Amino acid sequence: MKHLLKLEGMKEADARIILTLAKKAKKTRGDKRTDPGPLAGQIWALIFTKASTRTRVSFEVAIRELGGVPTFLSAAEIQLGRGELVRDTARVMGRMVHGAIIRTFAQADVDEFAEFAKIPTINALTDEEHPCQILSDIFTIEEKRGPIHGKKIVFIGDAACNVPRSWAEAAKIFGFQLVCGAPKEFKPPKIGGSVSWVEDPYEAAVGADVLYSDVWVSMGKEAEAGMREKIFAPYQINRKLVERAKKDALVLHCLPAYRGKEISAEILEERAQDIFDQAENRLHTQKGILEWIVS
Ligand code: CP
Ligand code: NVA
């Protein structure tokens, strides 16, 4: 049985299967299916402790378009929110549904769920990783600029949070260079090999193929918002920073975006076509992930 719990340790061959399936899903979306779909007869639970627009909608639509049925469970509205153990919730779900997609805080909870539910389990974001996002972003980069191998991807902002941590794992798998421009308090936890860190965002951005941004205040860190906004103030993707990158550099953002904070309103609107193509690709890539996992 397969899971997608994190990118750490994933084989490039598996990631490539997902990307190939995603490409096919994008190309054939809307075509009449002649088969019932790879998720026919399956019910997939989405168990979310944190808010979501893109991940939730893309998975719900993907499951339906692949012939399955999604059931969305806000963690606050099931007994999990009242203290029922993850392992007990998992043992119940494993007897009733065919797969689970989980968004929560602790990576250990997703790992434990997979162990006890014994059904394919997907990490839809934890504090440690956001694997579905980064697979989808690689799909977007390759769609727009060709093979990611050897490229310079520059992450600006909180390099200690889930999104850049998954980028760092992806750099090892796909053979590209990840440079993080981040304050020292928020540098990447694992530096070395294909992952480097510099404190100056303008130095980081030099010669970038891709400039990438995420929120300064990740979900669960709201109490630190004031402190973070001060520390991250120089780490904004704006015109001056974009001028340091390659002429044809892509500007991407996993979204949601906060204009005037991690990205200027001007750059977000100027690059909206790419950034919202990136958001759309979440749908196609979720299909790739689901098809791979049940195959
Ligand atoms: N990028 C992303 O995961 O968006 P959501 O939080 O809306 O799912
Ligand atoms: N780092 C962000 C990603 C949102 C998609 C968070 O965890 O809130």
Side-chain angles (χ1 to χ4, degrees), residues 4 6-7 22 44 46-63 70 72-75 100-107 109-110 122-141 153 155-170 178 180-183 185-189 210 212-225 227-229 231-232 235-237 251-259 261-263 268 271-272 274-290:
L4 179 53
K6 46 188 168 184
L7 289 190
W44 278 65
L46 282 81
I47 308 169
F48 280 39
T49 312
K50 293 174 173 172
S52 173
T53 299
R54 282 144 288 270
T55 309
R56 175 179 175 177
V57 177
S58 58
F59 267 120
E60 290 200 30
V61 172
I63 290 164
F72 181 81
L73 302 165
S74 159
I101 297 162
I102 303 178
R103 170 169 284 204
T104 193
F105 294 88
Q107 179 69 34
D109 286 348
V110 180
I122 297 172
N123 173 0
L125 180 148
T126 61
D127 289 345
E128 278 182 34
E129 277 224 31
H130 196 1
C132 303
Q133 176 75 52
I134 276 53
L135 287 171
S136 182
D137 294 339
I138 291 168
F139 177 85
T140 301
I141 292 165
I153 312 298
F155 180 90
I156 300 290
D158 175 4
C161 81
N162 42 23
V163 166
R165 283 166 74 160
S166 283
W167 268 117
E169 296 302 332
L178 177 71
C180 296
E185 298 86 342
F186 296 95
K187 61 185 186 190
V210 178
Y212 193 103
S213 181
D214 183 10
V215 296
W216 288 342
V217 184
S218 283
M219 292 180 278
K221 303 291 182 195
E222 292 77 7
E224 299 175 3
M227 172 271 279
R228 282 171 174 260
E229 283 176 16
I231 291 185
F232 286 117
Y235 296 87
Q236 182 187 71
I237 297 191
V251 175
L252 298 178
H253 191 310
C254 59
L255 301 177
Y258 294 89
R259 291 163 171 79
K261 302 243 163 96
E262 75 278 359
I263 189 163
L268 188 111
R271 303 305 184 106
D274 289 332
I275 290 170
F276 290 94
D277 284 349
Q278 177 191 8
E280 179 197 318
N281 284 337
R282 297 294 309 280
L283 168 64
H284 311 302
T285 311
Q286 311 301 34
K287 286 185 180 166
I289 292 166
L290 289 162

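In listed order, ligands and their atoms are each counted from 1. Since this is a predicted model, take the numbers as computed values, not measurements.
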If we number the atoms of ligand 1 from 1 as shown, the ones under 4.0 Å from a heavy atom of His130 are 2 (C), 3 (O)
Audit row: Lys287, Leu290, side chain to side chain contact (heavy atoms under 4.5 Å, CB included) steps and yes/no: CA-CA 5 Å; Lys287 286 185 180 166; Leu290 289 162; 5.6 Å; no
Minimum non-hydrogen distance to atom 8 (O) of ligand 2, winning option of Arg103, Arg165, Met219: Met219
Would you mind listing which atoms of ligand 1 come within a distance below 4.0 Å of any non-hydrogen atom of Gln133? 1 (N), 2 (C), 3 (O)
Heavy-atom count around Phe72 CZ within 6.0 Å, excluding the residue itself: above 12? yes
Please assess Lys187 against Cys180 for the test side chain to side chain contact (heavy atoms under 4.5 Å, CB included), listing each intermediate value before the final yes or no. CA-CA 7 Å; Lys187 61 185 186 190; Cys180 296; over 6 Å; no
Residue pairs fulfilling salt bridge (charged side-chain N to carboxylate O under 4.0 Å, His left out) with at least one residue in residues 50-60, sequence neighbours excluded: Lys50-Asp127, Arg56-Glu60
I'd like to check whether Asp214 has a polar contact with ligand 2, where a contact means an N/O of the residue lying under 3.5 Å from an N/O of the ligand. yes
In the protein, what heavy atom is nearest to atom 5 (C) of ligand 2, and what distance, to one decimal place, separates them? Leu255 O, 3.7 Å
Would you say Lys50 touches ligand 1, if touching means a heavy atom closer than 4.0 Å? no
What are the two closest heavy atoms between Met219 and Leu125, and how far apart are they? CE-CD1, 4.1 Å
Quick one: does Ser52 get an N or O within less than 3.5 Å of an N or O on ligand 1? yes
Between Cys161 and ligand 2, which part of the residue brings a heavy atom under 4.0 Å of the ligand: side chain, backbone, both or neither? side chain
Quick check on contacts: which atoms of ligand 1 are under 4.0 angstrom from a heavy atom of Thr53? 5 (P), 7 (O), 8 (O)
Which option wins on minimum heavy-atom distance to atom 6 (O) of ligand 1: Arg56, Arg103, Met219? Arg103
Measure the distance from atom 4 (O) of ligand 1 to every protein heavy atom, then report the residue, atom name and distance (to 0.1 Å) of the closest one. Arg54 NE, 2.9 Å
Within ligand 2, which atoms have a heavy atom of Val215 less than 4.0 Å away? 2 (C)
Donor-acceptor pair, side chain of Gln278 and main chain of His253, under 3.5 angstrom: yes
Atom indices of ligand 1, in the order listed, that fall short of 4.0 Å to a heavy atom of Arg282: 1 (N), 2 (C), 3 (O)
Within ligand 2, which atoms have a heavy atom of Ser218 less than 4.0 Å away? 1 (N), 2 (C), 6 (C), 7 (O), 8 (O)
Heavy-atom nearest pair, Phe59 first then Cys132, reads CZ-SG, 3.9 Å
Within 4.0 Å of some non-hydrogen atom of Cys254, the atoms of ligand 1 are 1 (N)
Checking Arg103 side chain against Ala51 main chain: does a donor-acceptor pair fall under 3.5 Å? yes
I'd like to check whether His130 has a polar contact with ligand 2, where a contact means an N/O of the residue lying under 3.5 Å from an N/O of the ligand. no
Below 3.5 Å, can you tabulate the donor-acceptor pairs from side chains in residues 158-168 to any protein atom, sequence neighbours excluded?
residue : atom : partner : partner atom : Å
Asp158  : OD1  : Ala160  : N            : 3.0
Asp158  : OD1  : Cys161  : N            : 3.4
Asp158  : OD2  : Arg228  : NH1          : 2.9
Asn162  : ND2  : Thr126  : O            : 3.0
Arg165  : NH1  : Ala160  : O            : 3.4
Ser166  : OG   : Glu129  : OE1          : 2.7
Ser166  : OG   : His130  : N            : 2.8

Does Asp158 have a heavy atom less than 4.0 Å from any atom of ligand 2? no
Check step by step if side chain to side chain contact (heavy atoms under 4.5 Å, CB included) holds for Thr55 and Arg282. CA-CA 7 Å; Thr55 309; Arg282 297 294 309 280; 3.1 Å; yes
Do ligand 2 and Asn162 have nitrogen or oxygen atoms that lie under 3.5 Å from each other? yes
Which residue and heavy atom of the protein sit nearest atom 4 (C) of ligand 2, plus the separation: Leu125 CD1, 4.0 Å
Does either side chain, that of Thr140 or that of Asn281, offer a donor lying less than 3.5 Å from an acceptor on the other one? yes
Is the contact between Leu125 and ligand 1 made by the side chain, the backbone, both, or neither, using heavy atoms and a 4.0 Å cut-off? neither
For the aromatic rings, using the six-membered ring if either is Trp, is the centroid distance between Phe186 and Tyr235 under 6.0 Å? no
